[in-house]
Amino acid sequence: MPRPLRKTTDYYNVENYAYQNPYGVRQYPYGINKSASYRQNVAYAYPKTVRYPEPDGRRNLKPVNAPKRRVKKKINPLKVLFKAAFSLCFFAAFIYYVLPYNFVNYFEPMFLNRFLNRNLNFNAKEFIAPTSSYLSNSNFNSERLIVPLRHSKAQMVSLAPSSRFYELEDKLDMLALKYPQIEPSIYVWDYSKSRSAEINSNAVYPSASIIKLPILVELLRYSESLKKAGYKPIDFHSKLQFSEIYRTEGSGKLQYEASGVYHTIKHLASIMIQSSDNSATNMLLEQIGGMEGLNSAARKWGLSSTQMTNWLPDLKGTNTISAKDMATLLYNIDNPKFLSSNSKYALHQYMSNVHNNTLIHAGLPKDAEFYHKTGDIGTMLGDAGIVYAPSGRKYIVVILTKRKFNDYSARDFIQKASSVIYKSIIENSDLY
């Protein structure tokens, strides 16, 4: 239908049946203005077109399209199946590749580990120094450390044999073949000829109670150093109070005494060496600075295998020595630059009355003197000391054995080895 005319007072003229468009052009409805062109009349006559006058007077005819009916498209089953298969493969790949990666790298560390690992403690020491549990050269505050070595001159005189006593070594090797269940470590030093007999002498062994010998040596040296520095030396007649912190199991009778009792340092040193008292050892160890003090002293002395990492009783054998280290320590007892004559005399007094005489001492004749210290734990049995023959000759002997737990064959081996060494050095000597 033609566009209806807008009947308003502004644009519609009632008398002439004409209206004025917004552009100021005077127009007439169809059939009134005879001078209108045919094209204009057609535009008003047909319902599909409408005339919109423009400012320049040109007529713009725009078709008005009727709404089209929507036609349903036919569904292609192959296309739907292809889309479903593609979507299924996509989600399967997403689940298989993307979800596990995000779970392991993002979700689990951020959320699950907070619950699963909340009771775990991070040990920075194992992260920074993973080898410190089995490789160390120092000890501080009960922690094993690796520190730079000081290339200073050792305070001890090292053993420098002029020859090896191969004949004695062959005899000891033949004896060791009869005891395949033990692992011996032996060092023998003959003063007369400055020769040595060594069997696995540099091997590191559990120290057991033999570690008490360097503790006593350091206690004597510490007293001497105080005197040289102008301070009051340690008075071995002064008393220390026994408390529960020092009480420990193992050898010795001090563990059965009441706490609060006072004992002289001389008495504690005596029972530490002679009856191998562990509680007395811990009391004297504190006087030299604890395990750190002993380890520092051993480094200064030049002993590379002597290391203390545990207070006594060290039943697991974490404290270590070597046969050559103990022989070097015994050799320097006669060194006036290392020990004074008074300290040497006191050391001989303590070492000459050891109660355990079932090891090296059992293989010696009755008229021979032996200054020594024994060590005995389940997996290690040893003895170290100086033998004085009636003829005036002397030698150092250190015998350490690794064994099965409390295997008494190690004691038999030490006794027989002691007898073989004495006969080879003293009785069958070709010195004169």
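Note: hydrogens, waters and symmetry copies are ignored here, and every other heavy atom, side chains too, is used. The chain is numbered in sequence order, starting from 1.
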Nearest 0.5 angstrom please: Leu226 CG to Tyr222 OH, how far? 4.5 Å
Gap separating the OG1 atom of Thr320 from the CD1 atom of Ile211, nearest 0.5 angstrom: 7.0 Å
Assess the residue pair Val397 and Phe370 against the criterion (side-chain contact (heavy atoms from CB on, under 4.5 Å)); give the C-alpha distance rounded to whole Å, side-chain angles, the decisive distance to 0.1 Å, and a yes or no. CA-CA 10 Å; Val397 54; Phe370 187 41; 4.2 Å; yes
Tell me whether Asp383 contacts the main-chain N or O of Leu400 through its side chain, where contact means a donor paired with an acceptor under 3.5 Å. no
Side-chain heavy-atom pair Leu175, Lys416 within 4.5 angstrom cut-off: yes
For Ser194, does its backbone N or O pair with a side-chain atom of Ser162 as donor and acceptor, under 3.5 Å? yes
Would you tell me whether Ser225 and Lys228 have side-chain atoms, one donor and one acceptor, within less than 3.5 Å of each other? no
Could you check whether any side-chain N or O of Ser352 sits under 3.5 Å from a backbone N or O of Gln349, counting only pairs where one atom can act as donor and the other as acceptor? yes
Report the relative orientation of the aromatic rings in Phe413 and Tyr179; use parallel for angles under 30°, tilted for 30 to 60°, perpendicular for over 60°. perpendicular
Determine the minimum heavy-atom distance between Tyr205 and Glu183, stating which atoms define it. OH-O, 2.9 Å
Shortest non-hydrogen contact from Lys212 toward Ile273: O-CD1, 3.8 Å
Could you please spell out the steps behind the side-chain contact (heavy atoms from CB on, under 4.5 Å) verdict for Met272 and Leu216? CA-CA 9 Å; Met272 177 181 69; Leu216 178 59; 3.7 Å; yes
Do you know which two heavy atoms are closest between Ser196 and Tyr187, and how far apart they sit? CB-OH, 3.6 Å
Take Tyr246 and Glu244 through the side chain to side chain donor-acceptor pair (under 3.5 Å) test and state the conclusion after the steps. CA-CA 5 Å; Tyr246 303 118; Glu244 291 295 331; over 6 Å; no
Of all heavy-atom pairs between Met326 and Ala384, which one has the smallest distance, and what is that distance? CB-CB, 4.4 Å
Hydrogens and angles aside, do Ser276 and Ser209 bring a side-chain donor and acceptor to less than 3.5 Å of each other? yes
Output, in order, the C-alpha distance, side-chain angles, deciding distance and verdict of side-chain contact (heavy atoms from CB on, under 4.5 Å) for Trp301 and Leu329. CA-CA 9 Å; Trp301 297 346; Leu329 177 62; 4.2 Å; yes
For the pair Thr328 (side chain) and Lys324 (backbone), establish whether a donor and an acceptor sit closer than 3.5 Å, ignoring hydrogens and angles. yes
Below 4.0 angstrom, N of the basic side chain to O of the carboxylate: do Arg403 and Asp376 qualify? yes
Side chains of Asn332 and Lys337: is there a donor and an acceptor less than 3.5 Å apart? no
Could you check whether atom CG of Leu177 has more than 12 heavy atoms from other residues, nucleotides or ligands sitting under 6.0 Å from it? yes
In Å and rounded to the nearest 0.5 Å, what is the OG to CD1 distance from Ser207 to Ile321? 5.5 Å
Hey, is Lys394 close enough to Asp190 for a salt bridge, meaning N to O under 4.0 Å? no
In Å, rounded to the nearest 0.5 Å, how long is the span from CG of Leu220 to CD1 of Ile333? 10.0 Å
Sole candidate of Val387, Val188, Ile426 that passes side chain to side chain contact (heavy atoms under 4.5 Å, CB included) when paired with Ile421: Val188
Separation between CG (Leu219) and CG (Leu268), nearest 0.5 Å, reads 10.0 Å
Report, as yes or no, whether the 6.0 Å neighbourhood of atom OH on Tyr191 holds more than 12 heavy atoms from other residues, nucleotides or ligands. yes
Taking Arg164 for the side chain and Glu169 for the main chain, is one N or O donor matched with an acceptor at less than 3.5 Å? no
So, Ser275 and Asp277: side-chain donor and acceptor under 3.5 Å apart, yes or no? no
Should the ring pair His263 and Phe242 be called parallel, tilted or perpendicular, given that the plane angle runs from 0 to 90° and is split at 30 and 60? perpendicular
Walk me through whether Ser279 and Thr248 qualify under side chain to side chain donor-acceptor pair (under 3.5 Å). CA-CA 6 Å; Ser279 300; Thr248 184; 5.6 Å; no
Check: Glu249 main-chain N/O paired with Asn278 side-chain donor or acceptor under 3.5 Å: yes
Within the side chain of Asp314, is there an N or O that forms a donor-acceptor pair under 3.5 Å with the backbone of Thr318? yes
Evaluate whether atom CD1 of Ile245 has more than 12 neighbouring non-hydrogen atoms of other residues, nucleotides or ligands under 6.0 angstrom away. no
Contact check, side chains of Ser305 and Asn202, non-hydrogen atoms, under 4.5 Å: no
From Asp407 CG over to Thr401 OG1, what is the distance, rounded to the nearest 0.5 angstrom? 9.0 Å
Does Thr358 offer a backbone N or O that forms a donor-acceptor pair with the side chain of Asn356 under 3.5 Å? yes
Enclosure of Phe236 CZ (heavy-atom neighbours >12, cutoff 6.0 Å): yes
Do Thr264 side-chain atoms and His267 backbone N/O form a donor-acceptor pair below 3.5 Å? yes
Taking every heavy atom of Ala258 against every heavy atom of Arg247, the minimum-distance pair comes out as C-NH2, 4.0 Å
Ring center gap for Trp189 and Tyr331 short of 6.0 angstrom: yes
Going by atom types only, do Ser340 and Glu224 share a side-chain donor-acceptor pair under 3.5 Å? yes
For Ile414 and Leu381, run side-chain contact (heavy atoms from CB on, under 4.5 Å): C-alpha distance rounded to whole Å, both residues' side-chain angles, the deciding distance at 0.1 Å, then the answer. CA-CA 9 Å; Ile414 294 175; Leu381 185 66; 4.1 Å; yes
Under 3.5 Å, is there a donor-acceptor pair between the side chain of Ser424 and the main chain of Val420? yes
Check ion pair Lys344-Asp334 (N to O, under 4.0 angstrom): yes
May I have the step-by-step check of side chain to side chain donor-acceptor pair (under 3.5 Å) for Tyr350 and Lys373, ending in yes or no? CA-CA 9 Å; Tyr350 295 132; Lys373 182 67 190 79; over 6 Å; no
Please report the shortest heavy-atom distance between Ser418 and Leu364, naming the atom on each side. OG-CD2, 3.5 Å
Please determine whether side chain to side chain donor-acceptor pair (under 3.5 Å) holds for the pair Gln307 and Arg299, giving the CA-CA distance in whole Å, both sets of side-chain angles, and the decisive distance to 0.1 Å. CA-CA 9 Å; Gln307 178 80 17; Arg299 299 289 86 77; 3.1 Å; yes
For atom NZ of Lys171, is the number of surrounding heavy atoms from other residues, nucleotides or ligands below 6.0 Å larger than 12? yes
